[in-house]
Amino acid sequence: EAGVTQSPTHLIKTRGQQATLRCSPISGHTSVYWYQQALGLGLQFLLWYDEGEERNRGNFPPRFSGRQFPNYSSELNVNALELEDSALYLCASSLEAQRTQYFGPGTRLLVL
Amino acid sequence: GESVGLHLPTLSVQEGDNSIINCAYSNSASDYFIWYKQESGKGPQFIIDIRSNMDKRQGQRVTVLLNKTVKHLSLQIAATQPGDSAVYFCAANDGNQFYFGTGTSLTVIP
């Protein structure tokens, strides 16, 4: 069974640009979660989607947004990139909402 | 809200010894906990979970202990191997989201 996949693996942008990160959950999982993992910090919760709806969002500005598609894949959009947005962005999926989450390999975003 | 912290940022153990990694949480409403392992350049990998109606759960070479009275959980790794070298962190869920600790970096000395 394929795990959670994310693309791209690496992304380099400059300040002010927009970034789009993509995630495909494990087959059958309807909940998708996005996290930011900055160097030296724990995972910070960004967004939770379930059945196509945004269920919860973390303490991040509105320029962090996303959506979930009918096939349960998801994308994270970060507008007006800032240097401090440089981090590993992790996507996870779960079969049941707020239960065991399985993570993808992440997208490493570098903002110059 | 919830805050999750690990007691030690780094831990070194001899190969073959047992490892214990500790984690504390603050919200008594948290009722589900997971331990993850993250190797360099990879996403977190699920190790073991435990619900608040249990105080101990065992897996293959791993045991998680939960003490709800003091809001503490630990991960015990038996007969630690070089492949166990990684960052380990715990996550606590309060029904709305998971809160993650910053991680303990485990180094296994051959």
Side-chain angles (χ1 to χ4, degrees), chain A residues 1-10 21-26 29 31-50 53-60 76 87-110, chain B residues 1-10 21-27 29-54 57 59 62 64 66 73 75 86-105:
Chain A
E1 179 185 278
V4 176
T5 59
Q6 292 185 245
S7 63
T9 55
H10 294 80
L21 289 63
R22 295 180 176 82
C23 171
S24 290
I26 292 172
H29 288 194
S31 274
V32 171
Y33 312 80
W34 286 96
Y35 295 91
Q36 182 194 68
Q37 188 178 35
L39 200 61
L41 298 178
L43 275 70
Q44 302 295 314
F45 168 68
L46 275 162
L47 291 158
W48 167 30
Y49 292 95
D50 184 63
E53 300 285 330
E54 181 181 302
R55 301 298 184 184
N56 196 14
R57 67 177 292 130
N59 190 25
F60 280 83
L76 173 69
L88 180 67
Y89 289 83
L90 291 161
C91 171
S93 72
S94 68
L95 187 59
E96 292 180 63
Q98 297 301 327
R99 282 303 176 247
T100 309
Q101 298 185 0
Y102 296 91
F103 285 85
T107 292
R108 189 162 296 281
L109 173 64
L110 177 61
Chain B
E2 169 69 278
S3 71
V4 178
L6 278 85
H7 292 185
L8 289 174
T10 61
I21 301 171
N22 296 298
C23 182
Y25 63 98
S26 65
N27 189 351
S30 291
D31 64 354
Y32 179 57
F33 306 87
I34 301 178
W35 279 100
Y36 286 96
K37 171 186 180 182
Q38 187 173 22
E39 296 174 277
S40 181
K42 297 183 178 180
Q45 175 187 354
F46 171 87
I47 301 173
I48 192 167
D49 61 355
I50 188 167
R51 297 178 190 270
S52 59
N53 61 352
M54 304 172 69
R57 190 155 188 237
V62 294
V64 56
L66 175 63
L73 71 159
L75 175 71
V87 174
Y88 292 81
F89 51 88
C90 64
N93 187 279
D94 63 0
N96 288 316
Q97 68 180 76
F98 277 96
Y99 298 86
F100 293 81
T102 53
T104 291
S105 179

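Numbers restart at 1 for each chain; the letters A, B, ... are given by sequence-line order, proteins then strands. Predicted, not measured: the structure shown is a model, and the values here were computed from it.
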Q) Under the side-chain contact (heavy atoms from CB on, under 4.5 Å) criterion, do A/Y102 and A/H29 qualify, and how do the steps go? A) CA-CA 10 Å; A/Y102 296 91; A/H29 288 194; 3.8 Å; yes
Q.
Does any backbone or side-chain atom of A/Y33 lie under 4.5 Å from a heavy atom of chain B? Answer side chain, backbone, both or neither.
A. neither
Q: Without swapping roles, check the side chain of A/S93 against the backbone of A/V32 for a donor-acceptor pair under 3.5 Å.
A: no
**Q.** Toward chain B, the part of A/Q44 with a non-hydrogen atom under 4.5 Å
**A.** neither
Q | From CD1 (B/I47) to CD1 (B/I21), nearest 0.5 Å | A | 7.5 Å
(Q) Less than 4.5 Å apart, side chain to side chain, heavy atoms only: is that true for B/R51 and A/R99? (A) yes
Q | Test item: B/E39 side-chain N/O and B/Q45 main-chain N/O as donor-acceptor pair under 3.5 Å | A | no
Q: Go through the atoms of A/R55 and report whether side chain, backbone, both or neither lie under 4.5 Å from a heavy atom of chain B.
A: neither
(Q) So B/Q38 and A/F103, do their side chains get closer than 4.5 Å, heavy atoms only? (A) no
Q.
Taking every non-hydrogen pair under 4.5 Å, which of B/I34, B/N96, B/D49 racks up the most with chain A?
A. B/N96
Q) Given a strict heavy-atom distance threshold of 4.5 Å, which part of A/L43 is in contact with chain B: side chain, backbone, both, or neither? A) both
Q: With a 4.5 Å cut-off on heavy-atom pairs, point out which of B/G41, B/A91, B/P44 contacts chain A the most.
A: B/P44
Q) So which of B/Y32, B/Y36, B/F46 has the biggest tally of heavy-atom pairs under 4.5 Å with chain A? A) B/Y32
